[in-house]
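Note that ligands are numbered from 1 as they come in the structure, with each ligand's atoms numbered from 1 the same way.
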Amino acid sequence: MTEIPEDHPRYESLLTRHRIEEGVEKGITSRQGLIAQGRGEAFDYLLGERTTESADAAERAAAAYLLLAEHPVLSINGNVAALCPGELVELANVVGADLEVNLFNRTDERMRAIADHLREHGASEVKGLSADGRIPGLSHERAKVDADGIGDADVVLVPLEDGDRAEALAAMGKVELVVDLNPMSRSAQTATVPIIDNIVRAVPNVTRHARELRGKSREELEAIVAVFEAKAALEAAEEAIRSGT
Ligand code: ATP
Ligand code: MG
């Protein structure tokens, strides 16, 4: 690895890019994942590479939803697995969620490489490999999920999900927590909770909120969820991008 000097003004961004490159080399991330990363970087740049106040509120609402859930599942794709595997395992532990590998370009090889990668980062069980459930309304390959994973989940965290699949999951009545840097993407638009933030900042912050909220009553958690407004969160993100503040 070429050493990135820590005092480089865009250190975090370069580190993130390097992790995606490594993911491709290891067979975890698809080459199309590089393009998704580029789109994400552009939006992150416009947002000031920070967690905005409204994104923080969305992350808190997401934590409350995960704690209230009967069966929460964190959906993992190739970009996310390369960027923050350990952080996702930690979040799953804190809120009692399952981890499920869920790929747009599904190949058995990549499914297994990602599951192994997550286990190396501390995951005990990784779902997604049995693929015995279907998301209605999608073509065969793209519809595959585990019947006892995403198929059975009431709350799903879907980072960087394709718009079409995000819509299909929402149509199944699931509470969808979407992490996506583009507030105009269809995935963000269909989310119950759109989190307009970089996944590398979002996941640890959801975990931090979950730790803090763990001791609260159901009523208190429900109150946090009730005041959250998806539309306002999307508007605040778009405003931050347009005005640069
Ligand atoms: P649509 O949702 O409108 O159908 P899409 O999902 O097909 O668009 P892609 O380029 O496949 O578009 O998706 C990549 C999405 O992931 C982009 O919206 C991009 O901003 C977002 N993204 C990429 N990297 C990150 C990241 N590190 N954290 C959060 N979001 C990211
Ligand atoms: Mg999208």
Side-chain angles (χ1 to χ4, degrees), residues 4 10-24 28-52 54-59 62 74-88 91 102-106 110 114 117 135 137-139 141-143 156-171 174 176-207 230-231 233-242:
I4 303 164
R10 308 203 52 252
Y11 177 75
E12 286 297 328
S13 167
L14 294 175
L15 198 68
T16 303
R17 185 182 292 185
H18 185 76
R19 283 200 205 127
I20 290 283
E21 257 185 276
E22 253 180 5
V24 174
I28 291 167
T29 311
S30 74
R31 278 183 297 168
Q32 290 187 23
L34 292 168
I35 298 167
Q37 168 69 18
R39 285 181 80 175
E41 277 184 17
F43 282 104
D44 207 12
Y45 196 96
L46 293 170
L47 277 165
E49 295 173 341
R50 69 198 159 113
T51 298
T52 62
S54 80
D56 182 63
E59 283 152 10
L74 314 185
S75 170
I76 313 285
N77 67 20
N79 282 56
V80 172
L83 291 176
C84 50
E87 289 81 356
L88 285 158
L91 175 58
N102 180 25
L103 302 180
F104 184 72
N105 301 303
R106 187 189 175 98
R110 215 147 70 73
I114 293 173
H117 186 66
I135 308 171
L138 295 178
S139 65
E141 273 308 298
R142 301 180 45 233
V156 195
L157 177 85
V158 282
L160 287 64
E161 180 58 285
D162 159 72
D164 197 33
R165 285 208 301 191
E167 273 172 6
L169 281 173
K174 298 186 191 296
E176 244 185 315
L177 317 171
V178 169
V179 182
D180 194 318
L181 279 158
N182 178 5
M184 285 154 290
S185 92
R186 280 187 302 142
S187 331
Q189 301 270 346
T190 56
T192 317
V193 179
I195 299 173
I196 313 303
D197 199 2
N198 198 313
I199 186 78
V200 301
R201 295 188 301 266
V203 172
N205 202 32
V206 174
T207 307
K231 194 164 168 280
L234 293 169
E235 282 168 2
E238 196 175 326
E239 181 53 28
I241 288 171
R242 289 187 190 279

> Going by the salt bridge (charged side-chain N to carboxylate O under 4.0 Å, His left out) test, which pairs reach into residues 188-205, not counting sequence neighbours?
Replying inline: Asp44-Arg201, Asp197-Arg201
> Between Phe43 and ligand 1, does any nitrogen or oxygen pair lie at a separation below 3.5 Å?
Replying inline: no
> Which atoms of ligand 1 sit under 4.0 Å from any heavy atom of Leu83?
Replying inline: 27 (N)
> Which of the numbered atoms in ligand 1 are below 4.0 angstrom from a heavy atom of Gly163?
Replying inline: 2 (O), 4 (O), 6 (O)
>> Judged on heavy-atom distance to atom 27 (N) of ligand 1, which of Asn182, Asn198, Val179 sits nearest?
In response: Asn198
>> With rounding to the nearest 0.5 angstrom, report the CZ to CG distance, Arg186 to Asp162.
In response: 6.5 Å
> What distance separates Glu12 CD from Glu49 CD, expressed to the nearest 0.5 Å?
Replying inline: 9.0 Å
> Any side-chain heavy atom of Thr52 sitting closer than 4.5 Å to one from Ile196?
Replying inline: no
> Can you list the ligand 1 atoms lying under 4.0 Å from a non-hydrogen atom of Gly40?
Replying inline: 19 (C), 20 (O), 22 (N), 23 (C), 24 (N)
> Side-chain contact, heavy-atom cut-off 4.5 Å: Ser187 with Val158?
Replying inline: no
> Heavy-atom contacts under 4.0 Å between Glu161 and ligand 1: side chain, backbone, both, or neither?
Replying inline: backbone
> Salt bridge between Glu235 and Lys231, side-chain N to carboxylate O under 4.0 Å?
Replying inline: yes
>> Heavy-atom contact check, 4.0 Å cutoff: does Asn79 meet ligand 1?
In response: no
>> I need the atoms of ligand 1 closer than 4.0 Å to a non-hydrogen atom of Ala36, numbered in the order shown.
In response: 14 (C), 23 (C), 24 (N)
> If you round to the nearest 0.5 Å, how far is OG1 of Thr29 from CZ of Arg110?
Replying inline: 7.0 Å
> How does Asp197 reach ligand 1, if at all, at less than 4.0 Å between non-hydrogen atoms: by side chain, backbone, both, or neither?
Replying inline: backbone
> Going by the order shown, which atoms of ligand 1 are within less than 4.0 Å of some heavy atom of Asp162?
Replying inline: 6 (O), 7 (O)
>> As an exercise, state the distance from OG1 of Thr16 to CG of Leu83, rounded to the nearest 0.5 Å.
In response: 6.0 Å
> Heavy-atom contact under 4.0 Å between Val200 and ligand 1?
Replying inline: no
